[in-house]
Participant: 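Below are the C-alpha cells for one structure; questions will follow.
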Amino acid sequence: MSKKQTASQIKPFNSKEMPLWCKILFLSLPIIISFFQVRILDNDFYFLYKIGEYIVHRGFPYTDILSMHSSMKIVVQQWLSAVIYYYAYNALGQYGVIGIVYVCNTGICILTYRFIKLITKNDLISLLFTGLINFFMFDPFIVTRPQVFTYLILLASVCLLEKHVQTKKTAYLICLPVLSLLLINLHAAMWPMLLVFMLPYILDSIPLKIEKFKKEPNGNCLFLLGSFAVSIVMGLINPYGIENMLYLTKSYGHSSFNLILEMKPTSLNATEGIMFFVAIALTGIIVLFIKKRAVTVRFFLLYAGTLVLGLMQVKGIPYFFMFGLPAFAYMIKDFELSSITKYTEKIATKRLKILTIIFFASAFFYLCVSRLNQTREANTSMLLHRHDLDCCIELLQNSDYPIVFLYTNFNDGQYLEFNGFRPYIDGRAEVFLKENNKYYDVFEEYYCLFNGGIYYKDFLNKYGFNYLILDKDMDSYIYESVLCDSDYEMVYESYNITLFKRVAWTLDSMGEQNTAEETPAVETSDDI
C-alpha cells in the first residue's frame, strides 16, 4: 500500500466476493478438522455388509437371511449402499468404508457452501455457515450408514431447485428424477424426503393475489410439478417396487421406538439435542439485531419444516442443520463487513496482523486436538465392548456345545451376524415390526422384555435359547434373572458383557418347542 493512500481511499473488504484462495482456504478448514475426529465402523455397518455380501453372491433376499426369524418378509431398502460398503470393506477393510464417509463429508461441505452461496450471494456468510454446519454435523451424524449418501443427494436436489428458481432454466430439473432413482436404491427409507424438499419450491412457484397482497411466482410451477411426478415414477425402479417407496410410512412413529436414541423426541439430555437448541438460539439472537429481514415462502417453509422435524426426532436434527440454517441465512444475506474493515485497516499494523494469524492458527490447532481427544475417548468404550463380544464369539466358535438359538440385544445382534451367527434381534428395528415382516412383532416383544413386561422364563422357553450374550446395563432385567437361574451358567464375564450357557438342555426337547424356526443358528460367510 502506498504511503500516500489515506484510510478513506482504502477499498474495504467485500464479504460478498472473496478471493478464490480465500474461499478455498476457509472451505477446507471444516474438511481438515473432520480428519482429526476418530472414526470407527458404526454398528449398522455389520448387517449392511452381510446383506451386501448376500446380494452380490445370491441376489436380492425377500425373507430374512440374518436373524433366527427366517420366516420374516423383508425389504432391503438400502441394498445399493450395502453393496457399496461390501466392496469397499473387501478392498480396503474398515479404511475403505471410513474413506467413503470422508469423501461424502467433503461433498456435503462443498454442496452446503454452494447452496448457501446460491441463497445469499455472500461468500463470507456461506463460508461461516458451512463451517458451523459441518461442526454440528460431522461427529454425531456423518457415520458409516446410508444416510451419508442421502445427505449428498438431498443437498444436490435443493441446489438444482434453487438454480432453476434463479435462472428459470428447466434443464436443472431434469436431474431430479435421476437423484430420485439413486435415493430409492441407496436409502429408500429417506426417499420421500426428496419429494418433501421439492414442496417448498412448488408452493413458492404458485402466483397468489389476495386483495392488495400479490405474490410473484418463483420458478415454473408446471415444470416443477412435472419433475415431481417423474421423480415419483422413477421411485418405482427398485427391486422391491412400491413397498420400498412406502417404507418410511410403515417404519416410524411406533411407541416402542422410544427405546432407540435417534428415534426419541429431541431434548437437552443428549449432545445432539444441545447442539440443536444452541443453533436455534443463535438464529434467534441474530434475528433480534436485524433491521431489514428478507423472507420468501420457500425459505420460510424449509426453516420451519426442518425445525419441526428436528424437534420430533433426534434423527431429524441434521436436516435442520443442512437446510434450515441455510434457509435462515437468506435473512442476513446483505450483511457486510465494510464498516468493520475500514476501522481495522486504520489500526492494523504488521505486528498486529502477525499476532492475529498466530491466534487463529493456535485456535485451529487446539480445536483439532480437542476433537481428536474427544472422539478417541468416546470410541474407546465401543471398541472395548466389541473386544468383549469377540471373546464371546471365540468361545462360541470353539464350543462343542451346539448353538441352536442365540439371544443378543438390539445393539449387539448385527455384530454377531457379521461373525456368522443368527441371533434373536439386530439393529434393523423396522424389519422386526409385524407391519413390515408379515410374521410377528418381534420388536414389540423385545421392548416388553426390555421393560420387564414379559416373564423372562416364558420368553427363554418360547425360543429355547441355549446361549445368551447379555449386556449388564441394556439387558439388566434378564441378566439379573438368569444370574439366579440354575438352568444357566455363566461362561464368560467382563466389565459389561456376559455369556450364559443353558445347562439343562437337550436337542429334542428344545426342537419340540421351536418347530416354527427351522433355520440353523450359525452359518458361515459362504452360506450367507
Participant: Name the orientation class of the two ring planes belonging to Y407 and F459 (parallel below 30°, tilted from 30 to 60°, perpendicular beyond 60°).
Facilitator: perpendicular
Participant: For D42 and T144, does a side-chain donor sit closer than 3.5 Å to a side-chain acceptor?
Facilitator: no
Participant: Taking atom types as modelled, is there a side-chain donor on N90 or Y49 under 3.5 Å from an acceptor on the other?
Facilitator: yes
Participant: If you count heavy atoms of other groups shown closer than 6.0 angstrom to CZ of F36, is the number above 12?
Facilitator: no
Participant: Do the side-chain N and O atoms of N134 and N105 include a donor-acceptor pair separated by under 3.5 angstrom?
Facilitator: yes
Participant: Can you tell me how far CE of M245 sits from CD1 of I232, rounded to the nearest 0.5 angstrom?
Facilitator: 6.5 Å
Participant: Check K501 with E489, please: is the shortest side-chain N to carboxylate O separation under 4.0 Å?
Facilitator: yes
Participant: Return yes if some donor-acceptor pair links the side-chain N/O of Y446 with the main-chain N/O of F410 below 3.5 Å, else return no.
Facilitator: yes
Participant: Do N244 and N238 have side-chain atoms, one donor and one acceptor, less than 3.5 Å apart?
Facilitator: yes
Participant: What distance do Y439 atom OH and K73 atom NZ have between them, rounded to the nearest 0.5 Å?
Facilitator: 16.0 Å
Participant: Which pairs pass salt bridge (charged side-chain N to carboxylate O under 4.0 Å, His left out) with one or both residues in residues 430-457, sequence neighbours excluded?
Facilitator: E445-K462, K457-D485, K457-D487
Participant: If you look only at pairs with a residue in residues 269-279, which of them pass as a salt bridge (charged side-chain N to carboxylate O under 4.0 Å, His left out), with sequence neighbours excluded?
Facilitator: none
Participant: Going by heavy atoms in the side chains, are F465 and F500 under 4.5 Å from each other?
Facilitator: no
Participant: Quick one: do the H385 and D412 side chains pair a donor with an acceptor below 3.5 Å?
Facilitator: yes
Participant: Any donor-acceptor pair under 3.5 Å linking the side chain of S81 with the backbone of L186?
Facilitator: yes
Participant: With distance as the sole test, does H69 use its side chain to make a donor-acceptor pair with the main-chain N or O of Y424 at under 3.5 Å?
Facilitator: yes
Participant: Between M234 and I184, is any pair of side-chain heavy atoms under 4.5 Å apart?
Facilitator: no
Participant: Under a 4.5 Å cut-off applied to non-hydrogen side-chain atoms, are T63 and S70 in contact?
Facilitator: no
Participant: If we only count heavy atoms from C-beta on, is the Y492 to D388 side-chain gap below 4.5 Å?
Facilitator: yes
Participant: For Y46 and R386, does a side-chain donor sit closer than 3.5 Å to a side-chain acceptor?
Facilitator: yes
Participant: Give the intermediate values and the outcome of ring pair (Phe, Tyr, Trp, His ring centres under 6.0 Å) for residues F141 and Y151.
Facilitator: CA-CA 10 Å; F141 299 111; Y151 298 154; 7.6 Å; no
Participant: With rounding to the nearest 0.5 Å, note down the distance linking CG in N461 to OH in Y455.
Facilitator: 9.0 Å
Participant: Name each donor-acceptor pair under 3.5 Å that joins a side chain in residues 393-400 to protein atoms two or more places apart or in another chain, with its distance.
Facilitator:
from	atom 1	to	atom 2	distance (Å)
N398	ND2	E394	O	3.1
S399	OG	Y401	N	3.0
S399	OG	Y467	OH	3.0

Participant: Decide yes or no for D475 and L468: does some side-chain heavy atom of the first lie under 4.5 Å from some side-chain heavy atom of the second?
Facilitator: no
Participant: For the backbone of Y440 and the side chain of N437, can you confirm whether one donor and one acceptor N or O come within less than 3.5 Å of each other?
Facilitator: yes
Participant: In plain terms, say whether D64 and R428 are close enough for a salt bridge, that is, a side-chain N and a carboxylate O under 4.0 Å apart.
Facilitator: yes
Participant: Taking the side chain from N451 and the backbone from G453, do they hold a donor-acceptor pair closer than 3.5 Å?
Facilitator: no
Participant: Does some side-chain heavy atom of P423 sit less than 4.5 Å from a side-chain heavy atom of E417?
Facilitator: yes
Participant: Throw together a table of side-chain donor-acceptor distances under 3.5 angstrom for residues 312-324, partners on residues two or more places apart or in other chains.
Facilitator:
from	atom 1	to	atom 2	distance (Å)
K315	NZ	Y252	OH	2.8

Participant: Mind checking what makes side-chain contact (heavy atoms from CB on, under 4.5 Å) contact with V103, not counting sequence neighbours?
Facilitator: none
Participant: Give, for atom CD1 of I469 and atom CD1 of I497, the distance between the pair rounded to the nearest 0.5 Å.
Facilitator: 7.5 Å
Participant: Show the atom names and distances, to 0.1 Å, of all donor-acceptor pairs under 3.5 Å that link a side chain in residues 476-483 to residues at least two apart or in another chain.
Facilitator:
from	atom 1	to	atom 2	distance (Å)
Y477	OH	I454	O	3.1
Y477	OH	Y456	N	3.0
S481	OG	Y477	O	2.9

Participant: Can you tell me how far CD of E493 sits from CG of L470, rounded to the nearest 0.5 angstrom?
Facilitator: 11.0 Å
Participant: With ring pair (Phe, Tyr, Trp, His ring centres under 6.0 Å) as the test, would you mind laying out the steps for F138 and Y102 before giving the verdict?
Facilitator: CA-CA 10 Å; F138 186 80; Y102 280 109; 5.7 Å; yes
Participant: Do side-chain atoms of S67 reach the backbone of I425 as a donor and acceptor pair under 3.5 angstrom?
Facilitator: no
Participant: Under 3.5 Å, is there a donor-acceptor pair between the side chain of S180 and the main chain of L176?
Facilitator: no
Participant: Supply the atom-to-atom distance L182 CG to I237 CD1, rounded to the nearest 0.5 angstrom.
Facilitator: 11.0 Å
Participant: Please tell me if the side chains of V143 and V148 come closer than 4.5 Å, counting only heavy atoms from C-beta onward.
Facilitator: no
Participant: Is the side chain of Y85 donor-acceptor paired with the backbone N or O of R145 at a distance under 3.5 Å, no angle test?
Facilitator: yes
Participant: May I ask you to check whether over 12 heavy atoms, not counting those of Y95, lie within 6.0 Å of atom OH?
Facilitator: no
Participant: Considering residues, nucleotides and ligands other than Y62, do more than 12 of their heavy atoms fall under 6.0 Å from its OH?
Facilitator: yes
Participant: Taking atom types as modelled, find out whether Y415 and T408 have a side-chain donor-acceptor pair closer than 3.5 angstrom.
Facilitator: no
Participant: Does the side chain of F47 come within less than 4.5 Å of Q78's, by heavy atoms?
Facilitator: yes
Participant: Just checking, any donor-acceptor pair under 3.5 angstrom between side chains of N411 and N43?
Facilitator: no
Participant: Do H57 and Y86 have a side chain donor and acceptor closer than 3.5 Å?
Facilitator: yes
